[in-house]
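The chains referred to below are lettered A, B, ... by the order of the sequence lines, with proteins before strands, and numbering in each begins at 1. Below, all heavy atoms of this structure are taken into account, side chains as well, without hydrogens, waters or symmetry copies.
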There are 2 protein chains.
Amino acid sequence: MKQFTVVIVDDHTLLSQAIQAMVNTFNKFVVLYTCKNGQELVDKFSHQENIPNIVLMDINMPIMNGVETTEWISKNHSKVNVLALSVEDEEFTILKMLKAGVAGYLLKDTEKDVLEKALIEIAENGFYHTKSVTTILMNSLSGNEVKEIDITDKERQFLKLSCTELTYKEIADQMCLSPKTIDNYRNSLFCKLNVKNRVGMVTYAIKNKIYTL
Amino acid sequence: MKQFTVVIVDDHTLLSQAIQAMVNTFNKFVVLYTCKNGQELVDKFSHQENIPNIVLMDINMPIMNGVETTEWISKNHSKVNVLALSVEDEEFTILKMLKAGVAGYLLKDTEKDVLEKALIEIAENGFYHTKSVTTILMNSLSGNEVKEIDITDKERQFLKLSCTELTYKEIADQMCLSPKTIDNYRNSLFCKLNVKNRVGMVTYAIKNKIYTL
DNA sequence: TATTTTTAAGGGGAAAACCCCTTTTTTAGT
DNA sequence: ACTAAAAAAGGGGTTTTCCCCTTAAAAATA
């Protein structure tokens, strides 16, 4: 019987080993190897190591995250299907992964059986999506797009500093700008991010991983 | 050969099932059942279900978290050893768990062999601690204590609302208090949390999981 | 019972944040 | 070469935040 090959990418060794053991109990699948981050996967793929049929991908990883890695796989190894495995259920994260080209998106609180089912579907049809993920995809296509907010480099830099206890005056000094220019960035960010005050900026930046605590 | 019993507490079903499968491969251990959160464990323990020798505990859980659950176990079932399994490596979180009475603290990026070793040590001696965790414990005992900040209920409530885009005036209305009273809470929190402004309060609250994004 | 802590509220003032507006230069896209 | 967007700076004003300091009742603790 033909077996499908799987590679697991997750920075938490214990979890990837545990998932590996679990996937190996599915008789249609076999795990080739595991990677601690996206960079490791890129290295292995580039050196013509065994290319798997499916990649089981975590999203929050250091060095090279799940979104970047999935984009790279879609470009360079389009035959490889990516199944995202994440704790995050936020719309914009899921949408990012869908755009990057994942074949499926599972939350880490799904059942063992669902994982097996998803792997089988992906191996056979190239994709598996739950109702909730499909709904998000629909909304996105029907124009209700979760708008990708584009902030400029300077705005981003200012936004990060706004998450510290510095006053705008001190931020101006650090960025070698007039407090009035800083006021412009503050104002444009309020509009772009749709927030009312500095607290809104801070929570936005943390939520969207622009600033890390 | 005598086997030790294990219960796993983790809100991510897939992970707890995977860890369960892994622990079951250790021939000295057997998993009795899993719980999605602390409340579920308290329910089962209270209804005189099988009480295990060891509890494998995640920290970030909804409803009842790892710290609260460990404290409850220490009080009501002191014979049960708790092995914490977390992604967090922040000092104050580890110290909180140590104070709550864990027998061990492992990061989720440890090896399978280390988990088995830790379980064996705990089963035999009642505790297992890595060098890094021991160092934190030492610093704590030698007076360099990571000070436990005690905020009152009202301060906590105000702190949470400060993380939203409400003005202090609006927070005062919501809490049915004079803006001047709110000003008192703000001021006392600035001192207690050692912050300079509202941004400092917000980042503190998020860091310490008083406010969830 | 006495003491400390918490909760509640106020007066007054300085600093920072917020919100309009306009202008100029530089940079990037069609 | 033209247009749009981004970067930089200022004028002038309101609101909010921040920081003292004082008083007093209620609640927890010794």
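- OP1 or OP2 of D:dA6 has not a single side-chain nitrogen or oxygen of A:Ser188 nearer than 4.0 Å.
- Enclosure of atom CG in A:Asn125 by more than 12 non-hydrogen atoms of other residues, nucleotides or ligands within 6.0 angstrom is indicated.
- Residue-to-nucleotide proximity on DNA chain C shows that, of B:Lys180 and B:Leu177, the 5′-proximal contact is made by B:Leu177.
- A salt bridge links B:Arg186 and B:Asp183; the closest N-O separation between the charged side-chain nitrogens and carboxylate oxygens is under 4.0 Å.
- You'll find the ring centres of B:Tyr168 and B:Phe158 inside the 6.0 Å limit.
- Here D:dT17 is the nucleotide among C:dA16, D:dC18, D:dT17 with the atom lying nearest to any side-chain atom of B:Thr167.
- The side chain of B:Thr181 places no N or O atom within less than 4.0 Å of a non-bridging phosphate oxygen (OP1 or OP2) of C:dG10.
- Put simply, A:Ser178 has no side-chain N or O that comes within less than 4.0 Å of OP1 or OP2 on D:dA8.
- In this model, the phosphate group of C:dA8 is approached by a side-chain N or O of B:Tyr185 to a distance below 4.0 Å at OP1 or OP2.
- Nearest to the side-chain atoms of B:Asn184 among the listed nucleotides C:dA9, D:dC19, C:dC18 stands C:dA9.
- With rounding to whole Å, B:Gln157 atom CD is found 16 Å from C:dT6 atom P.
- For D:dC18, one of the phosphate oxygens OP1 or OP2 lies less than 4.0 angstrom from a side-chain nitrogen or oxygen of B:Tyr168.
- The side chain of B:Arg186 contributes an N or O atom lying less than 4.0 Å from OP1 or OP2 of D:dC19.
- With respect to B:Asp58 and B:Lys108, a salt bridge is recorded, a charged nitrogen being found less than 4.0 Å from a carboxylate O.
- Between the P atom of D:dT16 and the CG atom of B:Asn187 lies a distance of 20 Å, rounded to the nearest Å.
- Residue B:Lys196 places none of its side-chain N or O atoms closer than 4.0 Å to OP1 or OP2 of D:dC19.
- Closest contact between the side chain of B:Phe190 and the listed nucleotides C:dT7, D:dC18, C:dA17 involves D:dC18.
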